[in-house]
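Everything on this sheet refers to the single structure shown next.
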Amino acid sequence: MPPQVQHSTSDLPHTSPSNTSSLTDLTSSEKATFEEYPKPYILKKCIALLLSCATTSRYKLRQVHAFSIRHGVALSSPDMGKHLIFTLVSLAGPMSYAQKIFSQIQNPNIFTWNTLIRGYAESENPSPAVGIHRQMLVDSVQPDTHTYPFLLKAIAKMIAVREGERVHCIAMKNGFESLVFVQNALVHFYGACGRAESALKLFEKMSEKKNLVAWNTLINGYAMNSRPNEALTLYREMGLEGVKPDGFTLVSLLTACAELGALALGGRAHVYMLKVGLDKNLHVANALLDFYAKCGKIREAERVFDEMEEKSVVSWTALIVGLAVNGFGERAIELFNKLEEEGLVPSEITFVGLLYACSHCGMVVKGFAYFERMKKEFGIVPKIEHYGCMVDLLSRAGLVKQAYEYIQKMPLPPNAVIWRTLLGACSIHGHLNLGELARDQLRILEPKHCGDYVLLSNLYASERRWGDAHKIRRTMLKEGVKKVPGHSLVELGNSIHEFVMGDKSHPQTEEIYAMLAEMTRLLILEGYVPHTVNVLADIEDEEKETALSYHSEKIAIAFMLINTPPRTPIRVVKNLRICADCHLAIKLVSKVFEREIVVRDRSRFHHFRDGTCSCRDYW
DNA sequence: GTAGGGTTAG
């Protein structure tokens with residue numbers, strides 16, 4: 001390659017104030033080093049030195065590049081290119097630039113290939129890593145022990161199952177599958193793709209003593225795939241094997257506890273963290289904050305946040321979302337204002353949380369204002385999630401027609417979640433035509449989703465069109481669509497108890513049903529009138545009479561009323577959204593039994609106290 | 001220069 005080749009700096013991010021290639025932004029000592037030794041061998045060192053200072057300033061990166069071009073030496077040796085790519089990748093620089101440098105290096109060595117793959121694996125768009133691996137094989141470059149961990153990381157990020165399996169085979173053929181780094185990368189890959197069984201199989205095949213990373217990878221695979229119980233079981237096994245948990249383990253543990261609403265277990269993890277000093281770890285503290293918020297302990301979440309020595313945007317975002325789902329929309333917005341005052345930059349996820357807060361509190365105008373600011377002031381291109389929030393914002397407020405018009409005008413094609421939001425709103429606010437329309441779209445996008453059938457059937461039922469409601473039920477049976485059974489979890493002592501609708505499997509069943517009868521009797525005295533519309537469509541005639549006592553959250557509450565001291569709070573975690581009848585009943589239970597009851601349903605929290613709910617019947 | 005982490009609309 002000729003040494004005087006011209007390079008463009010246009011690939012670098014345009015965050016700098018100007019396009020000058022002068023060194024004015026460098027410190028005087030940096031400048032001195034630069035001007036003093038413009039020889040290639042020393043320039044290499046200068047570049048490394050400068051780039052290591054440049055973590056906070058992409059501007060410097062650009063200057064370094066421009067400077068090296070001026071001296072016509074930057075890429076004249078493979079060694080220099082190798083160094084530049086490595087530093088760029090380490091600083092999460094733009095991959096287009098790294099790729100350009102790479103293409104101008106003659107005979108790149110394996111280190112450089114690996115660095116390029118690593119760069120893509122750690123970037124926003126990891127897919128080119130696969131092509132690079134292929135090119136390596138075409139060029140007869142032998143991958144080494146570092147190649148596969150990097151490559152698998154990229155593939156795991158892409159959730160490309162087939163590709164990963166192919167690479168798994170190639171790695172095996174090359175004899176790399178016995179390497180612990182490759183094995184752990186494979187466990188991670190299978191976990192990330194939702195193939196927990198394959199991950200477990202690989203894990204079990206690993207040599208006798210599994211290291212901490214292997215355990216963490218596997219546990220995280222289960223925690224991230226909505227299998228918290230298995231994650232906790234593995235966590236216990238790990239302890240039995242004498243492996244001590246670290247920060248990574250605790251993040252997975254807290255994630256699992258958050259999903260289960262396992263407050264006591266997570267609380268013990270908190271104590272452990274304090275003991276070993278892991279409460280100072282940013283990732284763990286964020287997971288702890290999120291855990292408390294997801295358990296309805298918003299005070300605790302705020303305390304964790306306040307006491308954090310180091311906070312990131314993730315910490316702020318987690319608390320904003322936490323406040324929003326717990327029904328404290330105003331406080332979520334206050335927190336966002338404070339974030340702005342502190343000069344921090346909200347991420348696109350922060351805006352999801354903020355819009356979510358507006359939508360859960362009925363602040364339609366505010367929501368639209370923030371959406372505009374997000375685009376104009378923060379330059380964030382709205383993703384489908386953001387549009388989802390907007391549709392939800394209109395839907396929850398009962399503006400179903402406007403929500404439909406909004407969907408039609410969106411620049412992105414609506415996905416199943418969007419249509420489901422609309423369908424849900426239709427079934428609450430009674431818009432049969434739009435509901436059927438949404439349902440037609442859902443039949444194309446996700447034909448076997450059981451919740452949609454239930455929503456439409458409830459919609460028909462609320463219009464008293466029993467024939468249509470039953471037709472939906474029959475279609476479900478015919479098409480083999482299985483209804484996900486509603487279940488409720490409660491934590492008593494050290495264990496989690498799970499109840500499903502009409503559950504009779506618990507050892508205390510007799511007492512529970514006696515309590516349910518007593519509850520119903522007292523509630524009727526309080527003027528409780530069963531709100532039966534939705535339930536009626538779901539069950540057969542002979543069950544109608546008793547079915548109302550059978551919803552899993554009621555069974556769970558009866559169980560807790562029996563087994564916990566008077567006046568202590570009861571907390572329930574439910575997998576589906578709470579129905580109107582249960583909502584009304586639990587409000588009254590909180591009054592009659594003088595209990596604070598916290599129910600986390602699929603979409604938000606309900607804090608029941610003295611006959612009212614924190615959602616103000618807005619959900 | 002090799003593997004694992006936290007926040008996301010229903």
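Chain A is the first sequence line, chain B the second, and so forth, proteins listed ahead of strands; every chain is numbered from 1.
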Go through residues 436-444 of chain A and report each residue with a non-hydrogen atom lying under 4.0 Å from DNA chain B, sorted by number. none

Please verify the inter-ring angle class for A:Phe111 with A:Phe86; under 30° counts as parallel, over 60° as perpendicular, anything in between as tilted. tilted

A:Arg118 CZ to B:dG1 C1': how many Å, rounded? 6 Å

Measuring to OP1 and OP2 of B:dG5, would you say a side-chain N or O of A:Lys153 lies under 4.0 angstrom away? no

Interatomic distance, A:Leu335 CG vs B:dT7 C1' [rounded to whole Å]: 13 Å

Using a heavy-atom cut-off of 4.0 Å across all strands, would you classify A:Ile384 as base, sugar-phosphate, or nothing? base

Would you kindly give the CG-to-C1' distance between A:Leu355 and B:dT7, to the nearest whole Å? 15 Å

Rounded to whole angstroms, how far apart are CH2 on A:Trp316 and P on B:dT7? 19 Å

Test of ring centre spacing under 6.0 Å for A:Tyr292 and A:His270: yes

CG of A:Leu116 versus P of B:dT2: gap in Å, rounded? 16 Å

Would you indicate which nucleotide in B:dA3, B:dG5, B:dG10 comes nearest to any side-chain atom of A:Phe181? B:dA3

Using whole Å, report how far CG of A:Asn211 lies from C1' of B:dT2. 13 Å

When all nucleic acid strands are considered with a 4.0 Å heavy-atom cut-off, which category describes A:Tyr356: base, sugar-phosphate, or nothing? sugar-phosphate

Would you please indicate if the ring centroids of A:Phe176 and A:Phe181 are separated by under 6.0 Å? no

Interatomic distance, A:Glu348 CD vs B:dT7 P [rounded to whole Å]: 15 Å

Using a 4.0 Å heavy-atom cut-off across all strands, classify A:Ser312 as base, sugar-phosphate, or nothing. base

Using a heavy-atom cut-off of under 4.0 Å over every strand shown, decide if A:Lys294 touches base, sugar-phosphate, or nothing. sugar-phosphate

OP1 or OP2 of B:dG10 less than 4.0 angstrom from a side-chain nitrogen or oxygen of A:Arg396, does that happen here? yes

Among B:dG5, B:dG1, B:dT8, the one nearest any side-chain atom of A:Phe111 is B:dG1

B:dA3 OP1/OP2 closer than 4.0 Å to side-chain N/O of A:Tyr148: no

Does OP1 or OP2 of B:dT2 have a side-chain N or O of A:His188 closer than 4.0 Å? no

Is the charged tip of A:Arg373 near the ring of A:Tyr370: under 6.0 Å from the six-membered ring centre and within 45° of its axis? no

From CG of A:Leu412 across to P of B:dA9 the rounded distance in Å is 17 Å

By nearest atom, which of the nucleotides B:dG1, B:dG5, B:dG10 is closest to the A:Phe150 side chain? B:dG1

